[in-house]
Each structure stands twice: as structure tokens, then as C-alpha cells.
Q: 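Please see the structure below; I have some questions.
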Amino acid sequence: MVDLRQVEKEFDTVSAALKRRGVEEGVLERIKTLFEEKKAVRARLEAAQAEQNAKSRLFGQYKREGKDVTQLQKEVAENKARIAALNEEVRVLEERLAELATTIPNIPDPDVPDGEDEEANVEIKRVLEPASFDFKPREHWELAERNGWIDFERGVKIAKSRFSALRYEGARLERALINYMLDFNRDRGFEEVYVPFMVNAESLFGTGQLPKFADDLFKIEGEELYMIPTAEVPVTNLFRDEILKKEELPQRLTAYTPCFRKEAGSAGRDTRGMIRQHQFDKVELVAITTPEESDRVFNEMVACASDLLTSLGLPHRHMLLCAGDMGFSAAKTVDLEVWLPGQGRYREISSISNTRDFQARRARIRYKEEKKNRLVHTLNGSSLAVGRTLIAIMENYQQADGSIVVPEILRPYL
RNA sequence: CGGGGGAUGGCUGAGUGGUCGAAAGCGGCGGUCUUGAAAACCGUUGAGGGUCACACCUCCCAGGGUUCGAAUCCCUGUCCCCCGGCCA
């Protein structure tokens, strides 16, 4: 959530920054007005409460002294009604404020480029040259069929469209990749954690998926639980409502989880193959840091994911996302796009974001600095989307006869 | 899923309807002593809002209710623990 006091005090700056993300101006105006109104009403409420407390104390004293309390009783009753009215007023204001404020995305960093969509993303650098093939490289679904690695039809049969099953070396390679990635991240100082694959609404609010993006989530019927759309949710929320010691920071964590997404609104996109599924594996990086350290840790995370791709021999490029293309909670995002020779283009395989204090404010994650509690910065990044890594390996390591050579570094994991 | 018991500050744990934001112990921090440390002793130590700073407001799981007044009484919910059932 954006800092309402910042909205109040630095209205023009915040408003300009959010406009870059496509937030309409009027919304921010209304937030500011509501916030100020709420403050004023609350001040009146508190004064009335102070009066009530004082009179109640006096009431007890009168009783003990055997004095007449009829007048006092009348005053107290009147004041009570006033308190109830003011309370209601505050409640309504807060509700309307929350309705608006919780749907405002994060303020983009100053170095985030302008732009509405992925067209305006800025390529920062390329790593590894795409190999040239002396035959026409095939797309992954064709390779999957030839090798029997991915069973699309049966995945659909047992679940529905956008589900698939892995078989033979495909299944084993998926698991090998997970293990390899976790080991790689651990060597880089990220502690491995294992977390629930379902979370409650409070957690989803904390990382920003709720209330705005409920339609993207699978909800468990009859339970207040949702399937996680990314490990970012359970892992970041490990620290929800906690005050960490400064020495405990930064927390650097890595976790493997499956991810579940409805992919609402992406009808017709990437329906072929395994690019966009309702369930996919991902190894995630999460960091909790002080504000001072978050840029440094962000760069470490980008490097970690990029080096992982390099170690697998997969050509890729770094993209700095423009303001309009970033996720709701992000202040800054770098995507890694892997080269898919079959498709002849780069496709997203990792996304690393610094949310600054946006999630920390929603999830109340703080740390103690010289007696004062300050909000932490939270960061998250994929390292990597496992299914897409599998695809990338298939397409980049394919042979003329349609077979696939497993990269050297993964063989010990098979 | 059935039966029983709980939920209080970083932890353990008292708590009478008013003087309780809350005893005590532990832990933390500061100090005395010491070359230094330990021990002992003294002091200090919850969070959020509000204020220039005070004042003041809110918070004893959550939400309702009773009352002039609720950590304390009543209802509902959530979570935890124990016993039994089922189960990887």
C-alpha cells in the first residue's frame, strides 16, 4: 500500500509518479481528501472518548462518596451517543479509504522508464550468443511429442485445459532442475525454506494479490484458503506482523513451490505448449532487507538468476520493465528473457522485483532500528520458472533428429 | 470428525467490573563494582495513532453485546493444546 501520509504531504510528486502507471488523477485526490477528513473526525472522536473516560472515573468517585449522579449520568449518556455517531463516521471513511488505497499500485522508482506496455521495456544487456542451427529448430511442443516428455492431452483429461503431465526424462528433468536451482541459490547465500501451497486471504492481502486480483486465484471451496500463485506469497508472509532485529537482516530465502493461476484475461494467449499453464513449478528468491540495502540485494538477485541461466548455457537478456508493464506491488522490476530458438524470440523466464516498503506496509513487516520500528523492504524474484526452463533446454539443446542433449551440469541430478 | 481445556507485553505467567497498559520472574538495554568479564546490586524496557513537545486516544485472539465504566461478565467466530477416531 502507498504511504497515505506521503500522499498527503507530497501529493504532486506521488501523483505524477502514479500517473506513469496509469492511475487516474482523481483517485488520488479523493484519497487525500478522505484521509484528511478521517483525521479530523477521529480527532473529534478521541476528544469525546477522553471526556467519557474522565466522566466514568468521576462517576465511580461520586458513587463512593455517595453523591448524586443523575446529572452526570445524563451527560455521559448523551456523550455516549455522540461517540457512537462519530465512530460510525470514522468507520465509513476508513472503509472508503481502504477501498481506494488498497487498489493503488506501488510508486515506480525514478529510474523506471515511461511506457504503457512491454513495447517500452528497455533491454539492459544480453548474456550468451544464441547458437546457430544447421537445421530448422523445432518448437518445444513438437520436441515434447517426439520425445514423449510432455503429455498435453492427458493433462487436459484429468484436469482441464492448460494442465499437462510430464513423463519419462521430462518428468525427471523437471525434478532435476528444481534440485539444481535450490542448490545453486543456497550456494549464493539463500536459505532454503519449504512452505504451505495454500494461504489465507490475509497473506494474499499482504503481498498485494488481494483485494484487487481475486479473479486470478484458485480458491478452495468451503475454506478461507487459496492456492498460491507464487511462492512470494507464503515466503514473504512468513514475516507478516513481525518486528525483526536489524541483525537478522537481510533475510535471503529460496523456495520451491508449484504455482496456481487462473490466467483469467489471457484467453487465447500461449494456448499451445507449456508456456502458460494453470499449474507450474517455480523456484523463488525472496529477500527482506533494510531500505539502505535493498538496491544492492536487488542486483544480487538479478545476478543470481542470470548466472543460473548462464550456468545452464541458456542465452538470455535483461529487460528493465517500464512503468506500465510492472506488477501491482513492484517499484522496479527486471525481467530475464530466455532465447527460444524454436519460437525465434526471447520469452520471460524470470522476474525480479523490489517492492520497497509497499508489501511491508500491507503486511506490517518491520525491523527495529535504534528503538524505532521501521518498515523493511521486500524483494522477490523467480529463479527460475521451472517449466519454461525445461522448454528452453529442449529448444536450445535440440539435435537435428529431434532428440535433446541434457546439459552437462544437470546430469548428476538425473 | 467426537470429547475436554486454553488464548494477557520478546518469553513464562498473575489478574478483584473502576485507582490496569496490566503483578512477578526471565530476557534485553543502561549503570555501580571490576584491568576486563561473570556474579551481585540499582535503574530502565510493549505496540499503533496524535502532538513542536506534552496532553490525549486505541490495543490484554477477533467481532458483537451488557454496563456510567470490561483484560475481567454474556454471545459468536478463529486459532492452539490434551484425549479418542481417521490418515501419509
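The sequence lines fix the lettering, A, B, ..., with proteins before strands; numbering per chain opens at 1.
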Q: With sequence neighbours left out, what residues match A:K9 under side chain to side chain contact (heavy atoms under 4.5 Å, CB included)?
A: A:R5
Q: Could you tell me whether the phosphate oxygens of B:C57, OP1 or OP2, come under 4.0 Å of any side-chain nitrogen or oxygen in A:Q49?
A: no
Q: Do the numbers put A:R388 on top of the ring of A:F280, so that NZ or CZ is under 6.0 Å from the six-membered ring centre and no more than 45° off the axis?
A: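 No, A:R388 does not lie over the aromatic ring of A:F280.
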Q: Would you tell me if any nitrogen or oxygen in the side chain of A:N200 comes within less than 4.0 Å of OP1 or OP2 on B:C79?
A: no
Q: Using the C1' atom as the reference point in each nucleotide, state the distance between B:U67 and B:U72 in Å, no decimals.
A: 13 Å
Q: B:G10 P sits how many Å from A:L244 CG, rounded?
A: 13 Å
Q: Using the P atom on both, measure B:C73 against B:C83 and round to a whole Å.
A: 28 Å
Q: Using atom P in both nucleotides, what's the gap between B:A71 and B:G9 to the nearest angstrom?
A: 15 Å
Q: Pick the nucleotide of RNA chain B nearest each of A:A50 and A:K63; which residue has the one closer to the 5' end?
A: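 Closer to the 5' end of RNA chain B: A:K63.
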Q: Roughly how far apart, to the nearest Å, are B:G49 and B:A40 at atom C1'?
A: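 These two C1' atoms come out 42 Å apart once rounded.
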Q: Taking the six-membered ring of A:Y62, is NZ or CZ of A:K67 closer than 6.0 Å to its centre and within 45° of its axis?
A: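 Yes, cation above the ring, under 6.0 Å and within 45°.
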Q: Could you check which nucleotide pairs with B:G2 in any of the strands shown, counting Watson-Crick or G-U wobble with both distances under 3.5 Å?
A: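 Result: B:C83.
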Q: Given the C1' atoms of B:U12 and B:G27, what is the spacing between them in whole Å?
A: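 It comes out at 11 Å once rounded to the nearest Å.
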Q: Any idea which heavy atoms bring A:P412 and A:I409 closest together, and the distance?
A: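 Scanning both residues completely, I find the closest heavy atoms to be CD-O, 3.4 Å.
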Q: Given atom CD of A:E36 and atom P of B:G50, what is their separation to the nearest angstrom?
A: 13 Å
Q: Name the nucleic acid region contacted by A:K245, choosing base, sugar-phosphate or nothing; use a 4.0 angstrom heavy-atom cut-off, strictly under.
A: nothing
Q: Select from A:A77 and A:F35 the residue whose nearest nucleotide in RNA chain B is closer to the 5' end of that strand.
A: A:F35
Q: Expressed in whole Å, how much space separates the C1' atoms belonging to B:C74 and B:U66?
A: 7 Å
Q: A:K39 NZ to B:C57 P: how many Å, rounded?
A: 19 Å
Q: For B:G6 versus B:A14, give the span between their P atoms, rounded off to a whole number of Å.
A: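 Pairwise P distance, B:G6 against B:A14, rounds to 12 Å.
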Q: Considering every strand shown, what is the Watson-Crick or G-U wobble mate of B:U78 when both distances are under 3.5 Å?
A: B:A7
Q: For residues A:F184 and A:S311, report the shortest heavy-atom separation together with the two atoms involved.
A: CE1-OG, 4.1 Å
Q: When the distance from CD1 of A:I243 to P of B:C11 is rounded to whole Å, what number comes out?
A: 11 Å
Q: Looking for any heavy atom pair under 4.0 Å, which part of the strands does A:R366 touch: base, sugar-phosphate only, or nothing?
A: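 It contacts sugar-phosphate atoms only.
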Q: State yes or no: are the ring centers of A:F218 and A:Y226 separated by less than 6.0 Å?
A: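 Not close enough - the centres of the two rings lie 6.0 Å or further apart.
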Q: Tell me which nucleotide, if any, is Watson-Crick or G-U wobble paired with B:G21 when both distances must be under 3.5 Å.
A: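 For B:G21, the partner nucleotide comes out as none, under the 3.5 Å rule.
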Q: Would you mind pulling out the nucleotide paired to B:G27, Watson-Crick or G-U wobble, both distances under 3.5 Å?
A: B:U45
Q: B:G48 P sits how many Å from A:E94 CD, rounded?
A: 17 Å
Q: Would you mind reading off the distance between A:L86 atom CG and B:C56 atom P, rounded to a whole angstrom?
A: 20 Å
Q: Is there a donor and acceptor pair closer than 3.5 Å between the side chain of A:E46 and the base of B:G50?
A: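 For A:E46, whose side chain was compared with the base of B:G50, there is no donor-acceptor pair (under 3.5 Å).
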Q: The side chain of A:N373 is closest to which nucleotide in this list: B:U67, B:G48, B:C56?
A: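 For A:N373, the side-chain atoms sit closest to B:G48.
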Q: Please determine if a side-chain N or O atom of A:K368 lies less than 4.0 Å away from the OP1 or OP2 oxygen of B:A47.
A: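 Yes, because at least one side-chain N or O of A:K368 sits under 4.0 Å from OP1 or OP2 of B:A47.
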Q: Is there a Watson-Crick or G-U wobble partner for B:A37 with both distances under 3.5 Å, and which nucleotide is it?
A: none
Q: Tell me: CD of A:Q52 to C1' of B:G18, nearest whole Å?
A: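 It is 14 Å, rounded to the nearest whole Å.
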Q: Touch check for A:R5, heavy atoms < 4.0 angstrom, all strands: base, sugar-phosphate only, or nothing?
A: sugar-phosphate
Q: Run the salt-bridge test on A:R252 and A:E300 with the 4.0 Å N-O cut-off and return the result as yes or no.
A: yes
Q: From CG of A:N53 over to P of B:G69, roughly how many Å is that when rounded to an integer?
A: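 Rounding to the nearest Å, CG of A:N53 and P of B:G69 are 10 Å apart.
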Q: Using the P atoms only, state how far B:C79 lies from B:C86, rounded to an integer number of Å.
A: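 Each nucleotide's P atom is 24 Å from the other's.
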